[in-house]
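Before any comments, here is the structure.
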Amino acid sequence: MRILLTGAAGFIGGHVARALEAAGHDVTGLDVRTGGDVRSAADLDLALPGVEAVVHQAAKVGLGVDVADLPDYASVNVYGTAELLAAMARHGTGRLVLASSMVVYGEGAYDCARHGRVRPGPRTVADLDRGRFEPRCPDCAAPLAPAMIAEDAPADPRNAYATTKLAQEHLAAGWARETGGVAVALRYHNVYGPGMPRDTPYSGVAAIFRSALEAGRAPRVFEDGGQRRDFVHVGDISEANVAALAGGRPGRLVAYNIASGHPHTVGEMAAALAAAYGGPEPVVTGEYRLGDVRHVTAAPDLAAKELGFQARTPFAEGMREFAAAPLG
Ligand code: UD1
């Protein structure tokens with residue numbers, strides 16, 4: 001298939017490009033680092049003729065530094081996707097694979113012994129300051145057990161990045177309805193792997209820990225280290241993108257969790273990476289970030305059933321490789 005890959009020069013985009021080519025696709029890249037911008041109708045009009053599918057990875061990522069970042073998130077992620085979809089409609093490109101994120105859910109799913117499945121709201125500063133990191137039942141304030149979140153859970157974005165990822169999904173769903181196009185949103189969980197960019201204020205936790213180790217510093221684990229995530233290898237993410245090109249339904253956006261299905265705590269990840277690197281043991285700091293959620297872990301069953309996708313890299317093996325591989 002002829003494919004336009006946005007964000008092709010990025011960490012995930014680079015891996016996706018190689019996987020698409022290995023699967024026999026004809027890939028053209030568009031990336032700000034190589035002189036193309038998804039916000040430019042002119043750049044898109046040059047890139048799209050003859051293209052059958054767009055794999056859209058270009059985005060501003062991360063939690064952001066402060067509200068000064070809002071215009072940039074909206075511009076790159078929301079406005080950029082709007083220009084892309086409009087251009088796809090102009091050129092009759094009927095298929096979109098969108099890099100979405102598990103951050104659209106906000107807090108993960110939880111079970112209360114009395115109230116069943118609940119979705120707690122944001123944690124309060126007062127609780128966080130006291131080291132009460134676990135969200136409590138919104139009905140009875142009882143402790144909760146984290147559960148695996150499925151794609152039909154209501155969206156509840158908690159920061160600018162999450163809001164713009166959800167907006168991308170909504171824009172793509174509207175495009176699919178209007179044009180009869182096929183949109184597949186891949187809700188990535190915490191991606192890691194070779195070539196991950198070095199530590200910036202916008203980096204995910206795996207890059208931050210790996211960069212600290214390389215600088216001879218201990219990974220600094222926030223909260224009490226018990227926050228649960230699903231760390232998924234970038235090679236598996238790439239395979240999910242290849243599989244998504246054969247999935248979806250005309251006139252709709254279908255969203256999938258792209259996760260390993262084997263959650264770990266941030267503390268466990270720090271320990272595994274530090275041990276594999278041969279660096280200092282992690283330090284649990286008790287600090288917190290207001291935009292963070294406590295646990296997000298996913299059931300990847302729908303992607304297995306409908307896309308035939310299953311993550312293949314085991315956590316311990318992936319972390320060993322990540323410890324040894326150079327950062328981007
Ligand atoms: C991350 C990404 C998000 C991406 C999503 C799915 C960031 C900021 N977030 O969300 O863009 O869509 O995965 O791939 O890039 N932590 C530490 N020490 C640190 C930094 C973070 O302990 O130095 C903790 C945080 O408090 C949090 C956890 O690690 O509990 C995960 O943090 P992070 O990777 O930044 O954000 P996610 O919400 O998991």
Side-chain angles (χ1 to χ4, degrees), residues 7 10-12 15 57 59-66 69 73 76-77 98-108 122-123 128 131 133-135 146 149 155-166 168-169 185-193 196-213 215 217-234 236-237 240-241 255-260 263-274 282-298 300 311 322:
F11 159 53
I12 297 177
H15 283 273
Q57 310 287 326
K60 182 178 170 75
V61 299
L63 189 56
V65 177
D66 58 35
D69 284 322
Y73 278 105
V76 176
N77 298 357
L98 171 68
S100 184
S101 169
M102 56 72 171
V103 290
V104 301
Y105 298 122
E107 275 298 341
R123 298 173 292 174
L128 291 165
F133 299 120
E134 290 291 337
I149 203 153
D156 184 10
R158 300 284 173 89
N159 57 47
Y161 174 67
T163 303
T164 59
K165 280 285 146 187
L166 185 61
Q168 289 185 325
E169 287 196 11
L186 302 178
R187 292 178 177 163
Y188 300 166
H189 284 249
N190 294 62
V191 186
Y192 73 95
M196 199 169 186
R198 226 159 267 286
D199 190 358
T200 74
Y202 303 92
S203 302
V205 66
I208 292 174
F209 288 173
R210 177 66 181 71
S211 301
L213 288 164
R217 288 184 275 111
R220 294 176 61 81
V221 179
F222 297 158
E223 304 186 15
D224 57 4
Q227 39 306 29
R228 293 163 72 80
R229 293 290 190 278
D230 189 311
F231 296 96
V232 56
H233 191 272
V234 67
D236 290 321
I237 292 286
N241 277 274
Y256 297 98
N257 283 325
I258 302 299
S260 73
H264 289 273
T265 67
V266 171
E268 284 166 0
M269 192 275 280
L273 194 59
V283 176
V284 179
T285 69
E287 291 163 89
Y288 66 84
R289 300 184 307 191
L290 217 45
D292 274 333
V293 296
R294 177 66 178 169
H295 307 292
V296 203
T297 57
F322 182 47

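For ligands, and for the atoms within them, numbers begin at 1 and follow the listed sequence. Throughout, residue positions are numbered sequentially from 1 according to the sequence presented.
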Numbering as shown, the atoms of ligand 1 that approach [X] to under 4.0 Å (heavy-atom distance):
{"X": "Val221", "value": "22 (O)"}
{"X": "Ser101", "value": "4 (C), 5 (C), 6 (C), 12 (O)"}
{"X": "Asp292", "value": "25 (C), 26 (O), 27 (C)"}
{"X": "Ile208", "value": "20 (C), 23 (O)"}
{"X": "Arg220", "value": "17 (C), 18 (N), 19 (C), 22 (O), 23 (O)"}
{"X": "Val191", "value": "14 (O)"}
{"X": "Tyr188", "value": "6 (C), 14 (O)"}
{"X": "Phe209", "value": "17 (C), 18 (N), 19 (C), 22 (O), 23 (O)"}

- Message: Please compare Arg294, His189, His295, Arg289 and report which has the shortest non-hydrogen distance to atom 32 (O) of ligand 1.
- Response: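 Checking each option, the heavy atom nearest atom 32 (O) of ligand 1 is found in Arg289.
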Is [X] touching ligand 1 with its side chain, its backbone, both, or neither, if touching means heavy atoms under 4.0 Å apart?
{"X": "Ala206", "result": "neither"}
{"X": "Val266", "result": "side chain"}
{"X": "Arg229", "result": "side chain"}

- Item | By side chain to side chain contact (heavy atoms under 4.5 Å, CB included) - contacts of Val103 (at least two apart) |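 Here the qualifying residues are Ser101, Tyr161, Ala162.
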- Query: For Thr163, which residues count as a side chain to side chain contact (heavy atoms under 4.5 Å, CB included) partner, sequence neighbours excluded?
  - Reply: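 Checked Thr163 against side chain to side chain contact (heavy atoms under 4.5 Å, CB included); matches are Pro157.
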- Message: Would Glu223 count as being in polar contact with ligand 1, using the rule that some N or O on each side must be under 3.5 angstrom apart?
- Response: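 Such a contact does not occur with ligand 1.
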- Report yes if some N/O of Phe222 lies less than 3.5 Å from some N/O of ligand 1; otherwise report no.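 Yes; at least one N/O pair falls below 3.5 Å.
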- Task: Please work out which of the three classes, parallel, tilted or perpendicular, describes the rings of Tyr105 and His189, given edges at 30° and 60°.
- Result: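 Tilted.
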- Message: Any donor-acceptor pair under 3.5 Å linking the side-chain atoms of Gln227 with those of Tyr288?
- Response: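 Their side chains do not contain a donor-acceptor pair, so the 3.5 Å distance test is not met.
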- Return yes when Tyr288 approaches ligand 1 closer than 4.0 angstrom through a heavy atom, no otherwise.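 Tyr288: no contact with ligand 1 (<4.0 Å).
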Heavy-atom distance under 4.5 Å between the side chains of [X] and [Y], does that happen here?
{"X": "Met269", "Y": "Tyr192", "value": "no"}
{"X": "Arg210", "Y": "Phe322", "value": "yes"}
{"X": "Asn241", "Y": "Ile258", "value": "no"}

- Item | Salt bridge Glu223-Arg123, side-chain N to carboxylate O under 4.0 Å |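 Looking at Arg123 together with Glu223, the answer is yes, because their closest N to O distance falls below 4.0 Å.
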- Message: Looking at Asp292 and Arg294, is there a salt bridge between them, counting it only when a charged N and a carboxylate O are closer than 4.0 Å?
- Response: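 No salt bridge links Arg294 with Asp292.
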- Between Lys165 and Ser100, which heavy-atom pair has the shortest distance, and what is it?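 Closest approach of Lys165 to Ser100: CD-CA, 3.9 Å.
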